[in-house]
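Taking it in order: structure first as structure tokens, then the write-up.
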Amino acid sequence: MLKEYKTIREVAGPLMLVEHVEGVKYDELVEIQTQTGEIRRGRVLEVSGDKALVQLFEGSQGLNIVESKVRFLGHSLELPVSMDLLGRVFDGLGRPKDGGPKIIPEKRMDIAGNPINPAARDYPSEFIQTGISAIDGLNTLVRGQKLPVFSGSGLPHARLAAQIARQAKVLNTDSNFAVVFAAIGITFEEADYFIEDFKKTGAIDRTVLFMNLANDPAIERIATPRMALTAAEYLAYEKGMHVLVIMTDITNYCDALREVSAARKEVPGRRGYPGYLYTDLATLYERAGRIRDREGSITQIPILSMPEDDKTHPIPDLTGYITEGQIILNRELYRKGVMPPIDVLPSLSRLKDKGIGKNKTREDHADTMNQLFAAYARGKEAKELAVILGEGALSDIDKLYAKFADEFEKRYVSQGENENRDIMETLTLGWDLLSILPRSELKRIRDEYIEKYMPKGDA
């Protein structure tokens, strides 16, 4: 029988102080029964002597501290897991939100997860096809990688996330592939868009959705990504599935952390975020990867909107240190009607070389990728020069590069949200674009590949 306490002394925002407690542990789950009989949940943030500081998930509005009772449940927040998770929609705390039955659990897993022993990690090396040329061809995603998307407010990162979730697959295997989608602090319209999109395309059958809406308690946001990652760990490491975890929007998660930190009166760090923001983000991102001798894997695509499009803001800045690259969305490309508006030059996948080449994508992939990057960079320089000095100042070869840059944005980067290109289509399109340039300019591609893959009559 759990002991009940009626010793709530103080409530401040999402925090509650309980006195005269015994045997309470950090991170323990708490149930609060209000004066009306409603049950709210929380977790222990701090224990000092016989005092416990509790963080409330559902907020403290309307809580009468004299008449409410507190029970400490003896375990931390857990997610009931089974294969029935697939095809379901849950709220940010793992409760069914789709009108379906409760999950009959095979087991219950602590949402804090267990750290992966670095010595047990396997190196990411298998190509994941997202069907998006700007990612597959130039900033390749590899199984077990964490590759964030840096966006800005108003840019179509939600549509990009839905497209990746629909289209992503591991090539050359008949392996089980699942998507775990965590929506953190998004609007009802966005949530509805994701659910309807997944249902319409059939992707929902291999997807688990966790939805924390903008009008849900901010504190629930701290649990939502951990719920999603716990579901992913179960599917990957216990059921041998390849799991893609998409989390949007990490900025809302960090703002919830800042809110709790301010309520605890902690000394703020950069822009008011807590000093432990780096460590906290690492506890999420480092739950991606592959484990040696285990079939499954977790690949992460966290999506964050950069306040004021500022890459030096603490959230994208710290995320860039922990993860293996970034995909950056560009407002200028979006204005031109390019969808998805991926800015390929500052984007980077640090593991792309491990997932491409013979027997993975194709032997010419690395060379064509380097040549496309170089040609696009020179083409953009030529266009900038034309703006300053006029087109007459450009040499003939500069004009070809400027034409290449325009065609590259129009045909390679832009593809619409319903076009699913396989890697061979992407590589063929790359060669098609390179045929705009004279053969003497293709200095980064081996001659045998030019002979084999360049469209005939253009070399």
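The model shown is predicted, which means the values in this text are computed figures rather than measured ones.
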> Is atom NZ of Lys383 surrounded by more than 12 heavy atoms (other residues, nucleotides or ligands) closer than 6.0 Å?
Replying inline: yes
>> Test your reading of the model: is there a side-chain donor-acceptor pair from Asp136 to the backbone of Gly131, 3.5 Å cut-off?
In response: yes
>> Parallel, tilted or perpendicular, judged at 30° and 60°: which one describes the rings of Phe194 and Phe181?
In response: tilted
>> Please report the interatomic distance NE2(His242) to OG1(Thr299), rounded to the nearest 0.5 Å.
In response: 9.0 Å
>> Against Arg287, only a single residue in Asn114, Ile116, Thr230 fulfils side-chain contact (heavy atoms from CB on, under 4.5 Å); can you say which?
In response: Thr230
> Does atom CG of Asn215 have more than 12 heavy-atom neighbours from other groups under 6.0 Å away?
Replying inline: yes
> CZ/Phe150 to CG/Asp310 distance, rounded to the nearest 0.5 angstrom?
Replying inline: 11.5 Å
> Can Glu28 and Ser76 be said to form a side chain to side chain donor-acceptor pair (under 3.5 Å), step by step?
Replying inline: CA-CA 4 Å; Glu28 192 172 331; Ser76 52; over 6 Å; no
> After noting the C-alpha distance and the side-chain angles of Tyr376 and Tyr401, does the key distance pass the ring-ring contact (aromatic ring centres under 6.0 Å, His included) rule?
Replying inline: CA-CA 7 Å; Tyr376 181 50; Tyr401 272 111; over 10 Å; no
>> Around atom NZ of Lys399, are there more than 12 heavy atoms from other residues, nucleotides or ligands closer than 6.0 Å?
In response: yes
>> Taking Phe373's backbone N and O only, do any of them form a donor-acceptor pair with Arg444's side chain (distance below 3.5 Å, no angle check)?
In response: no
>> Between Asp91 (side chain only) and Gly94 (backbone N and O only), is there a donor and an acceptor less than 3.5 Å apart?
In response: yes
> So, do Asp205 and Leu86 sit near enough that their side-chain heavy atoms are less than 4.5 Å apart?
Replying inline: no
>> If we check salt bridge (charged side-chain N to carboxylate O under 4.0 Å, His left out) with Glu324, which of these qualifies: Lys146, Lys352, Arg350, Lys354?
In response: Lys146
> Does CD belonging to Glu332 count more than 12 external heavy atoms closer than 6.0 Å?
Replying inline: no
>> Heavy-atom count check: over 12 atoms from other residues, nucleotides or ligands less than 6.0 Å from Glu391 CD?
In response: no
>> Determine whether a donor-acceptor pair (N or O, by modelled atom type, separation under 3.5 Å) exists between the side chain of Glu58 and the backbone of Pro217.
In response: no
> Step by step, would you call Ile111 with Glu78 a side-chain contact (heavy atoms from CB on, under 4.5 Å)?
Replying inline: CA-CA 5 Å; Ile111 68 161; Glu78 294 174 334; 5.8 Å; no
>> Let's go through Ile436 and Lys403 carefully: what are the C-alpha distance in whole Å and the side-chain angles of both, what is the deciding distance for side-chain contact (heavy atoms from CB on, under 4.5 Å) to 0.1 Å, and is it a yes or a no?
In response: CA-CA 8 Å; Ile436 293 170; Lys403 179 188 173 188; 4.2 Å; yes
>> Pair Tyr453, His365 - check ring-ring contact (aromatic ring centres under 6.0 Å, His included), show working.
In response: CA-CA 11 Å; Tyr453 296 109; His365 192 156; over 10 Å; no
>> Looking at Glu259 and Ala256, would you say the former's side chain and the latter's main chain have a donor-acceptor pair under 3.5 Å?
In response: no
>> Just to verify, which of Arg226, Arg221, Arg258 counts as forming a side-chain hydrogen bond (donor to acceptor under 3.5 Å, both in side chains) with Tyr253?
In response: Arg226
>> Taking atom CZ as the centre, does Phe188 end up with more than 12 heavy-atom neighbours from other residues, nucleotides or ligands that are less than 6.0 angstrom away?
In response: no
>> Using every non-hydrogen atom in the two residues, find where Leu257 and Leu277 come nearest and quote the distance to one decimal.
In response: CD1-CD1, 3.8 Å
>> If you count every heavy atom of other residues, nucleotides or ligands that lies below 6.0 Å from Leu389 atom CG, does the total exceed 12?
In response: yes
>> So, taking the atom named NZ in Lys239 and the one named CE in Met83, what distance separates them when rounded to the nearest 0.5 Å?
In response: 6.5 Å
>> By the definition side-chain contact (heavy atoms from CB on, under 4.5 Å), identify the one residue from Ile184, Thr248, Ile250, Val149 that meets it with Leu304.
In response: Ile250
> When you look at Arg166 and Thr201, which way does the side chain to side chain donor-acceptor pair (under 3.5 Å) test go after all the steps?
Replying inline: CA-CA 7 Å; Arg166 276 197 314 269; Thr201 58; 5.0 Å; no
> For Thr130, does its backbone N or O pair with a side-chain atom of Gln167 as donor and acceptor, under 3.5 Å?
Replying inline: yes
>> Does the Lys NZ or Arg CZ of Arg290 fall within the cation-pi geometry relative to Tyr237 - under 6.0 Å from the ring centre and within 45° of the axis?
In response: no
>> Counting only heavy atoms from other residues, nucleotides and ligands, does the tally under 6.0 Å from CZ of Arg264 exceed 12?
In response: yes
>> With side-chain contact (heavy atoms from CB on, under 4.5 Å) as the criterion, how do Tyr273 and Ser261 come out once you've worked through the C-alpha distance, each side chain's angles and the decisive distance to 0.1 Å?
In response: CA-CA 8 Å; Tyr273 292 96; Ser261 175; over 6 Å; no
>> Let's go through Ser133 and Arg421 carefully: what are the C-alpha distance in whole Å and the side-chain angles of both, what is the deciding distance for side chain to side chain donor-acceptor pair (under 3.5 Å) to 0.1 Å, and is it a yes or a no?
In response: CA-CA 7 Å; Ser133 293; Arg421 293 181 189 158; 2.8 Å; yes
> Can you list the steps and then say if Ile301 with Ile164 is a side-chain contact (heavy atoms from CB on, under 4.5 Å)?
Replying inline: CA-CA 9 Å; Ile301 301 184; Ile164 293 170; 3.7 Å; yes
>> Let's go through Arg41 and Glu220 carefully: what are the C-alpha distance in whole Å and the side-chain angles of both, what is the deciding distance for salt bridge (Lys or Arg N to Asp or Glu O under 4.0 Å) to 0.1 Å, and is it a yes or a no?
In response: CA-CA 10 Å; Arg41 295 200 289 177; Glu220 191 179 292; over 6 Å; no
> Has the side chain of Asn330 got a donor or acceptor atom that lies under 3.5 Å from a matching backbone atom of Ile342?
Replying inline: no
>> Can a donor-acceptor pair be found, under 3.5 Å and without considering hydrogens, that links the side chain of Arg88 to the backbone of Pro101?
In response: yes
> Is Pro340 close to Gln415 at the side-chain level, that is, under 4.5 Å between some pair of heavy atoms?
Replying inline: yes
> Counting only N and O atoms by type, is there a donor-acceptor contact under 3.5 Å from the side chain of Asn370 to the main-chain atoms of Asp367?
Replying inline: no
> Do side-chain atoms of Glu46 reach the backbone of Tyr26 as a donor and acceptor pair under 3.5 angstrom?
Replying inline: no
